[in-house]
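Mind looking over this structure? Questions follow.
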Amino acid sequence: MDDRSIIRLYWERNPEAITAAAEKYTAYCTAIARSILSSREDAEECVNDTWLGAWNAIPPHRPKILASFLGRITRNLSLNRLKRSLAEKRCPGETVLILDELSECVSGREDPAGECAARELAEEIDRFLSALPKDKRGLFVRRYWYMDPIPSLAKRFGITENHVSVTLNRIRGQLKTHLTERGYIL
Amino acid sequence: MNNITLLDILGGISDRHIAEFAGETSRPAAVPWKWLGSAACLALLLTALFLRPEEDIQPPIIHGESLPQSETVPALPPFSDPTADWGQILVNDLDHLAQGAPRYYDPAEYDHVQWSEAEILSYFGRDLTPAAVPDDLTGELHQSVVISHQGEICLDMVIREYAAREKGAHGRGFTLTASRLGITGCCVYILPENEVKTSEIGGIPVTIGHRPMPAAEGGFYDLYTAEFTLDGIACRLVSERMTLEEVVEIVASVIAKP
């Protein structure tokens, strides 16, 4: 079933929407959840909750790209579960690595003026990504949105693992500079 | 701010960036052979033929014959080489795909012809067979050539299709269509309205388009188009489940041939 039909079913409050979305996007959402969570059961639960999340969000939302919309819900649910795992000191290795990498971009301190508005910051990061060459943007998005492991990125982009790490390191540096220059306190 | 907050915020990047790189990371396995864009064009042509009145039915104009594996021709350095200059290849996001319908040529006034390889070479004046074809793809020649009874060539589409035929290939492959009349298919790949970016490959301007296509197994795969003109011949490559590097190497190998 095409995405437009699935969204129409959601808008009509037809439960078939959940079946159709699950049939089409389970593999995609599972891949996202499994990149974040080490437990298969946790990942499956997040994916199952994704369909309910979409049910609650559509309407009023009418996603332009259904896959990204569902993937975003899965990612948020998985990250929420990850936070619980972190609190319980149960965190998958790959995620620890990714969080370590991102530590270079943040101070770890509370922002006295309050946290930057998340949406505004995401939009600025979006602008930064748009200005990157496509291959670098791909590396960044696959690493920090899809949370792909380094070897998988090396295979996908046909470069060495070292090249992936060095490139990501440079992009993180550029991102930090980009945000700091625009007055964001991270 | 801490790192997990930043990871949360990164989740808010736009859909287009997420969809742009949603494709499979590795060559997938196990779905029936399908070939969306170009197959749709071929299917439309075939449908038009089979829906004609019975007395009009002639042998189909689409004809497949095995092509020999191409010889090796120097191509651009592989883009997997980190020293390669990625900056010179610019990719346009394809807005959407539009489907046209092929014109019906009445056999009372037009002949559907099959050209031999020698006739194709003579007509185009150059060899348009891609040399840098990935090892897992095998080629077939299709053509849609229509000549009026007055001798005018009305349709001159020569399509070289290369596909991974083995089970589980998911329709990986590409078609390269050539036409002196500029008719390279009935599918239209809509480029952005503004700022169509053109890359230069072997001294020829090439317009490359990309669109993530939903995959039956979930997620997305890459569809690339590359359009260019060689000695007045309109060429269009449409690839599915191939990498940008592969597409560029194929285009470069066609352009490099004399």
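Below, chain A is the first sequence line, B the second, and so on; all start at residue 1.
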*Which one of A:R137, A:M147, A:K24 has the most heavy-atom pairs closer than 4.5 Å to chain B?*
A:R137
*If you round to the nearest 0.5 Å, how far is CD1 of B:I18 from CD1 of A:I32?*
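Answer for the CD1-CD1 pair, A:I32 versus B:I18, is 8.0 Å.
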*For the residue pair B:I9 and A:E124, establish whether any side-chain heavy-atom pair is separated by less than 4.5 Å.*
no
*So which of A:L153, A:T167, A:I65 has the largest heavy-atom pair count under 4.5 angstrom toward chain B?*
A:I65
_Would you compute the distance between atom CG of B:L10 and atom CD1 of A:I125 and round it to the nearest 0.5 angstrom?_
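So the CG of B:L10 and the CD1 of A:I125 are separated by 4.5 Å.
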*Could you give me the CA-CA distance, side-chain angles and deciding distance for A:R75 and B:L7, then say whether side-chain contact (heavy atoms from CB on, under 4.5 Å) is met?*
CA-CA 10 Å; A:R75 188 180 187 276; B:L7 198 58; 3.8 Å; yes
_With a 6.0 Å cut-off (strictly less than), is the heavy-atom count around NZ of A:K134, excluding the residue itself, greater than 12?_
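Yes, because the 6.0 Å sphere around NZ of A:K134 holds more than 12 heavy atoms from other groups.
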*So does A:R170 have more than 12 non-hydrogen atoms from other groups sitting under 6.0 Å from CZ?*
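For A:R170, atom CZ is not crowded (no more than 12 foreign heavy atoms under 6.0 Å).
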*Find the distance between CG (A:L121) and CD1 (B:I13) and round it off to the nearest 0.5 Å.*
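Those atoms lie 12.0 Å apart.
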*Interface moiety of A:R72 toward chain B, non-hydrogen atoms closer than 4.5 Å*: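 Interface part for A:R72: side chain.
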_Over 12 foreign heavy atoms within 6.0 Å of CD, A:E23_ = no
*So with a 6.0 Å cut-off around CZ of A:R40, is the heavy-atom count from everything else above 12?*
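Open.
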*Hey, is CZ on A:R4 packed in by over 12 heavy atoms from elsewhere, all under 6.0 Å?*
no
*Euclidean distance, A:K83 NZ relative to B:D8 CG, rounded to 0.5 Å*: 3.5 Å
*Looking at A:D126, A:V141, A:L102, which one has more heavy-atom pairs under 4.5 Å with chain B than the rest?*
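Between A:D126, A:V141, A:L102, the count favours A:D126.
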*Please round to the nearest 0.5 Å and tell me the distance separating atom CG of A:D148 and atom CZ of B:F21.*
12.0 Å
*Would you kindly say whether B:R16 and A:S130 are connected by a side-chain donor-acceptor distance under 3.5 Å?*
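Yes.
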*asked:* To the nearest 0.5 Å, what is the distance between CZ on A:F140 and NE2 on B:H17?
replied: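 Taking CZ in A:F140 and NE2 in B:H17, the distance rounds to 10.5 Å.
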